[in-house]
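One-based numbering along the sequence shown. Below, each value reflects all heavy atoms present in this structure, side chains not excepted, and no hydrogens, waters or symmetry copies.
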Amino acid sequence: MTAPKPFLFLSARPEVEAVGPEYESVRRAMRLDAGRLEHHRLDVEPLGEVRLDAFAGIVVGGSPYNVTTPEDHKHPVQQRVEAELAALAERALDIGFPVMFTCYGIGVLTRVLGGRVGTRYGENAAAVEIALTADGVADPLVGTLPGRFDALVGHKESTELLPADAVLLASSAGCPVQIYRVGPSVYATQFHPEVTTDDFIARAQVYRHHGYFPASELREVSRRLAEASVTEPQRLLARFVELADAR
């Protein structure tokens, strides 16, 4: 019997203390052992030419980078990361390859597709209610989730104008575009599908001075997160594995 192909996780977090925990959160949510989830740090090493046929699918993690930062203010590493992710998105769309872009990644994908990213619908670190659209309920990936569920968010920018070719799958009161699909198997989520509340509290400690909430409110933010019930979003990544393996 042929061994199943591995998945690839792409991270872009310069903060070393956040890198390992993010990988572990993604791996756990995907229900994979470490041997099936390879990890590449885009902030450390260029991606190069990825042989997509060597992988079952790819997950792109979050980052403190913002695509709305003016180009002349972006660090050269961020410019490279965004160019590499844009090229990956275009290749995946060309051949229908499974990729899930999360948080920062949704901004990159939205721009590739001609949508608009802005700061109008930023959300502080919190648990928010997500509602599936009719297309979301019918979607083979997103439809595995309840019609309404809580998820963890923390972002300064978001998709303000959905790309013309994208199908809106979920929204929230504070952010109209929380999940969309383009083509058969490229997805983007604004919320973090990988984290538990404990994971997110630990991440809040790392990013307390990055503007996702007032640093002086860390204790209160952590308390609210600890009281939240977030049980469903990780099923999204487990289902992503199921669908990618079945291709």
Applying the 4.5 Å side-chain criterion to the ILVMFWY set and letting contacts propagate, would Val177 and Leu152 be lumped into a single cluster?
-> no

Say whether, by atom type as modelled, one donor and one acceptor occur between the side chain of Ser63 and the main chain of Ala12 under 3.5 angstrom.
-> yes

How about Glu194 and Arg27: do any of their side-chain heavy atoms sit closer than 4.5 Å?
-> no

Candidate pair Thr159 and Arg116, rule side chain to side chain contact (heavy atoms under 4.5 Å, CB included), full reasoning = CA-CA 6 Å; Thr159 298; Arg116 184 174 69 242; over 6 Å; no

Please name the pair of heavy atoms, one in Arg181 and one in Asp139, separated by the smallest distance, quoted to 0.1 Å.
-> NH1-OD1, 2.5 Å

Rounded to the nearest 0.5 Å, how far does CG of Leu162 lie from OG1 of Thr110?
-> 7.5 Å

Does Val206 belong to the same Ile/Leu/Val/Met/Phe/Trp/Tyr cluster as Leu42, with side-chain heavy atoms less than 4.5 Å apart forming each link?
-> no

Run the numbers on Glu82 and Lys74 for salt bridge (Lys or Arg N to Asp or Glu O under 4.0 Å), then give the verdict.
-> CA-CA 10 Å; Glu82 290 180 6; Lys74 288 180 181 177; 2.7 Å; yes

Please round to the nearest 0.5 Å and tell me the distance separating atom CZ of Arg223 and atom CG of Leu218.
-> 12.5 Å

Do Asn66 and Thr69 pass the side chain to side chain donor-acceptor pair (under 3.5 Å) test, and can you show the C-alpha distance, the side-chain angles, and the key distance before you say yes or no?
-> CA-CA 6 Å; Asn66 290 288; Thr69 300; 4.7 Å; no

If we only count heavy atoms from C-beta on, is the Pro193 to Phe240 side-chain gap below 4.5 Å?
-> no

How many angstroms lie between CZ in Phe101 and CD1 in Ile58, if you round to the nearest 0.5 Å?
-> 8.0 Å

Are Glu160 and Arg120 close enough for a salt bridge, meaning some N to O gap below 4.0 Å?
-> no

Have Gln178 and Ser172 got a donor and an acceptor in their side chains that come within less than 3.5 Å?
-> yes

In this structure, which one of Leu169, Val99, Leu109 forms a side-chain contact (heavy atoms from CB on, under 4.5 Å) with Tyr187?
-> Leu169

Using the ring-ring contact (aromatic ring centres under 6.0 Å, His included) rule, collect all pairs that involve residues 32-56, keeping only residues at least two apart or in two chains.
-> Phe9-His39, Tyr23-His39

On a heavy-atom basis, the closest approach of Ser158 and Tyr121 is OG-CB, 3.2 Å

Minimum heavy-atom distance between Phe200 and Ala125, given as atom pair plus value = CE2-CB, 4.1 Å

Do the side chain of Tyr207 and the main chain of Ala18 share a donor and acceptor less than 3.5 angstrom apart?
-> no

Quick one: do Leu85 and Val60 satisfy side chain to side chain contact (heavy atoms under 4.5 Å, CB included)? Show the steps, please.
-> CA-CA 9 Å; Leu85 290 177; Val60 179; 4.0 Å; yes

Pairwise side-chain contact, Asn124 with Val221, heavy-atom cut-off 4.5 Å (strictly under) = no

Looking at Ala215 and His209, what are the two nearest heavy atoms and their distance?
-> CB-ND1, 3.6 Å

Is the backbone N or O of Gly62 less than 3.5 Å from a side-chain atom of Glu22, with the two atoms forming a donor-acceptor pair by type?
-> yes

Electrostatic pair Glu227:Arg224 at N-O distance under 4.0 angstrom = no

Can you tell which of Val108, Leu10, Val112 makes a side-chain contact (heavy atoms from CB on, under 4.5 Å) with Leu88?
-> Leu10

Hey, is CZ on Arg31 packed in by over 12 heavy atoms from elsewhere, all under 6.0 Å?
-> no

Would you say Thr119's side chain and Glu157's backbone share a donor-acceptor pair under 3.5 angstrom?
-> no

Test item: Phe97 and Asp53 side chains (from C-beta on) under 4.5 Å apart, heavy atoms | no

Between Asp199 and Arg28, is there a salt bridge with N-O shorter than 4.0 Å?
-> yes

Asp245 atom CG: more than 12 heavy-atom contacts under 6.0 Å = yes

Point-to-point distance, once rounded to the nearest 0.5 Å, from CD1 of Ile130 to SG of Cys175 = 7.5 Å

Over all heavy atoms of both residues, which pair between Gln78 and Tyr104 is shortest? Give the atoms and the distance, please.
-> CG-OH, 4.1 Å

Show your reasoning for whether side chain to side chain contact (heavy atoms under 4.5 Å, CB included) applies to Val128 and Glu123.
-> CA-CA 9 Å; Val128 301; Glu123 295 176 295; 4.0 Å; yes

With side chains defined as the heavy atoms from C-beta onward, is the minimum distance between Met30 and Val59 less than 4.5 Å?
-> yes

Can you tell me how far CG of Leu47 sits from CZ of Arg41, rounded to the nearest 0.5 angstrom?
-> 14.5 Å

Say you draw a straight line from CZ of Phe191 to CG of Asp150; how long is it, rounded to the nearest 0.5 Å?
-> 11.0 Å

Expected list for residues 230-237: side-chain donor-acceptor pairs under 3.5 angstrom, two or more places apart:
| unit_1 | atom_1 | unit_2 | atom_2 | d |
| --- | --- | --- | --- | --- |
| Glu232 | OE1 | Arg235 | NH1 | 2.3 |
| Arg235 | NH2 | Thr144 | O | 2.4 |

Test side chain to side chain contact (heavy atoms under 4.5 Å, CB included) applied to Phe213 and Arg208, step by step = CA-CA 7 Å; Phe213 56 87; Arg208 62 189 182 277; 4.0 Å; yes

Backbone N or O of Arg13 within a donor-acceptor pair of the Ser11 side chain at under 3.5 Å?
-> no

On a heavy-atom basis, the closest approach of Arg247 and Pro98 is CD-CG, 3.2 Å

hydrophobic_cluster_shared for Val67 and Leu113, side chain cutoff 4.5 Å = yes

Quick check: does any side chain N or O of Arg239 sit under 3.5 Å from a backbone N or O of Pro140, one acting as donor and the other as acceptor?
-> yes

Please assess Arg91 against Glu49 for the test salt bridge (Lys or Arg N to Asp or Glu O under 4.0 Å), listing each intermediate value before the final yes or no.
-> CA-CA 11 Å; Arg91 289 180 62 202; Glu49 187 69 20; 3.6 Å; yes

When hydrophobic residues are tied together by side-chain contacts of less than 4.5 Å, even through go-betweens, does Val182 share a cluster with Ile106?
-> yes

Side-chain donor/acceptor of Arg36 to backbone N/O of Lys5, under 3.5 Å | yes

Linked, directly or transitively: Ile95 and Phe7 (ILVMFWY side chains, under 4.5 Å) = no

Which residues satisfy the side chain to side chain contact (heavy atoms under 4.5 Å, CB included) test with Arg80, sequence neighbours excluded?
-> Pro46, Val77, Glu84

Measure the shortest side-chain to side-chain distance between Arg203 and Val195 over non-hydrogen atoms and say whether it is less than 4.5 angstrom.
-> yes

